Trainee: 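I am attaching a structure below and will ask some questions about it afterwards.
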Amino acid sequence: MSSRPALHFDADAPQLARELIGALLLVDGVGGLIVETEAYAMDDPASHSHGGPRPRNRSMFGPPAHAYVYRSYGIHWCLNVVCREAGHGAAVLIRALQPTHGVALMRQRRGTENERLLCAGPGRVAQALGITQAHDGLPLDQPPFELRPPDHPVEVVTDVRIGISKAVELPWRFGLAGSRFVSRPFPRETTGA
DNA sequence: CGACGGATCCTCT
DNA sequence: GAGGATCCGTCGT
């Protein structure tokens, strides 16, 4: 399947997750091309929004095209793009980037020289881009964020989501076909395009 | 009020 | 492949 060069923040999470593959994500000019995402919906036992709004997940129920940032395992920050409409509790987790802008700074923040591992995983993405709870709820179309759709259609592959224990069968992980910057390989690199 | 467990990452084997 | 680090929202008693 090919995703078209447009970002529909009012779409449901799986569609936006697909559209975000190949998009450019920057924070203060640092970042890269999105190569891996996951979709989370309200009627989705694996989603933080499952069960309705709470203080912790309030950004997930806020306006679309804004950030939902949460702390993972008490250590890492992870960035989501809120979608649909306010109240739906749908979002797309940014799982991996192909580093393109500010690589030296990302290396410094991450403490590694391995470019393949700079942004390969949601915690690594946040660390490389300097994302913290301070970014929770901020609009992604304004500084310090910059989010631009892909320049051209890209080939997207899918798989089940990673690290969850509920709704494990949903094929809601999306990746850029053939990318070496994903957090984990996709089982099949062929799609119908 | 105590316990649990997670949309993870790193190190060591 | 396994286990530890380390925070805090959520839930059970």
Side-chain angles (χ1 to χ4, degrees), chain A residues 12-21 23 25 27 31-32 34-62 64 66-84 88-99 106-138 140 156-176 179-187:
Chain A
D12 62 22
Q15 179 177 333
L16 181 63
R18 180 180 291 272
E19 291 179 354
L20 282 170
I21 300 299
L25 172 65
V27 178
I34 299 173
V35 297
E36 183 182 346
T37 61
E38 278 180 356
Y40 288 90
M42 181 162 63
D43 293 330
D44 171 5
S47 175
H48 291 171
S49 60
H50 188 249
R54 297 177 159 287
R56 178 198 180 204
N57 62 15
R58 66 195 181 285
S59 295
M60 261 190 108
F61 292 89
H66 284 230
Y68 164 51
V69 179
Y70 71 94
R71 206 205 257 296
S72 178
Y73 289 87
I75 301 174
H76 311 286
W77 297 106
C78 298
L79 172 69
N80 290 256
V81 178
V82 177
C83 63
R84 295 207 67 177
H88 279 265
V92 176
L93 174 67
I94 305 301
R95 286 196 57 91
L97 306 181
Q98 174 181 337
M106 289 194 282
R107 273 203 242 266
Q108 184 180 332
R109 285 168 171 165
R110 292 267 305 112
T112 180
E113 292 297 312
N114 190 334
E115 191 162 325
R116 187 178 63 82
L117 297 177
L118 274 189
C119 304
R124 290 164 172 165
V125 169
Q127 186 180 22
L129 273 59
I131 295 170
T132 69
Q133 182 147 53
H135 297 89
D136 185 42
L138 295 183
L140 295 171
V156 176
V157 291
T158 65
D159 191 17
V160 295
R161 294 176 291 184
I162 292 175
I164 58 174
S165 58
K166 300 166 188 168
V168 295
E169 75 287 351
L170 291 177
W172 281 4
R173 183 164 77 108
F174 300 85
L176 178 63
S179 175
R180 71 186 188 95
F181 296 98
V182 297
S183 66
R184 280 166 59 170
F186 284 74

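If you're wondering where the values come from, they're calculated on a predicted model, not measured in any experiment.
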Trainee: In whole Å, what separates the P atom of dG1(C) from that of dA7(B)?
Mentor: 22 Å
Trainee: Return the value, rounded to whole Å, for the distance between atom CG of D159(A) and atom P of dA7(B).
Mentor: 17 Å
Trainee: Taking the side chain as C-beta and beyond, is there a heavy-atom pair between L25(A) and L79(A) under 4.5 Å?
Mentor: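 Sidechains of L79(A) and L25(A): in contact.
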Trainee: Ignoring backbone atoms, establish whether R173(A) has a side-chain N or O less than 4.0 Å from OP1 or OP2 of dA7(B).
Mentor: no
Trainee: Given atom CZ of R161(A) and atom C1' of dA7(B), what is their separation to the nearest angstrom?
Mentor: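 That distance rounds to 8 Å.
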Trainee: Distance check needed: dG6(B) P versus I75(A) CD1, whole Å only.
Mentor: 15 Å
Trainee: As an exercise, state the distance from CD of E169(A) to CZ of R161(A), rounded to the nearest 0.5 Å.
Mentor: 8.0 Å
Trainee: Only pairs with both distances under 3.5 Å count, Watson-Crick or wobble alike; so what is the partner of dA3(B) in this structure?
Mentor: dT10(C)
Trainee: Compare side-chain N and O positions of R71(A) against OP1 and OP2 of dG6(B) and report whether any pair is under 4.0 Å apart.
Mentor: no
Trainee: With distance as the sole test, does R84(A) use its side chain to make a donor-acceptor pair with the main-chain N or O of A41(A) at under 3.5 Å?
Mentor: no
Trainee: So if I take every side-chain heavy atom of Y73(A) and compare against dT8(B), dA7(B), dC11(C), which nucleotide ends up nearest?
Mentor: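 Ranking dT8(B), dA7(B), dC11(C) by closest atom to the Y73(A) side chain puts dT8(B) first.
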Trainee: Between E38(A) and R95(A), does any side-chain N to carboxylate O distance fall below 4.0 Å?
Mentor: yes
Trainee: For L93(A) and dT8(B), give me the distance from atom CG to atom P, rounded to whole Å.
Mentor: 7 Å
Trainee: R110(A) has an atom CZ; how far is it from atom P of dT11(B), in whole Å?
Mentor: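 Result: 10 Å.
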Trainee: Taking OP1 and OP2 of dC8(C), is either one under 4.0 Å from a side-chain nitrogen or oxygen of R56(A)?
Mentor: no
Trainee: Do other residues, nucleotides or ligands put more than 12 heavy atoms under 6.0 Å from the CZ atom of R109(A)?
Mentor: yes
Trainee: Whether H48(A) contacts dA7(B) is assessed here as follows: a side-chain N or O lying under 4.0 Å from the phosphate OP1 or OP2. Is that the case?
Mentor: yes
Trainee: Starting from P on dA7(B), measure out to CG on L79(A) and report it in whole angstrom.
Mentor: 16 Å
Trainee: Measure the distance from CZ on R58(A) to P on dT10(C) and round it to the nearest whole Å.
Mentor: 11 Å
Trainee: Atom NE2 of H76(A) to atom P of dC9(B): distance rounded to whole Å?
Mentor: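 Distance check: H76(A) NE2 to dC9(B) P gives 6 Å.
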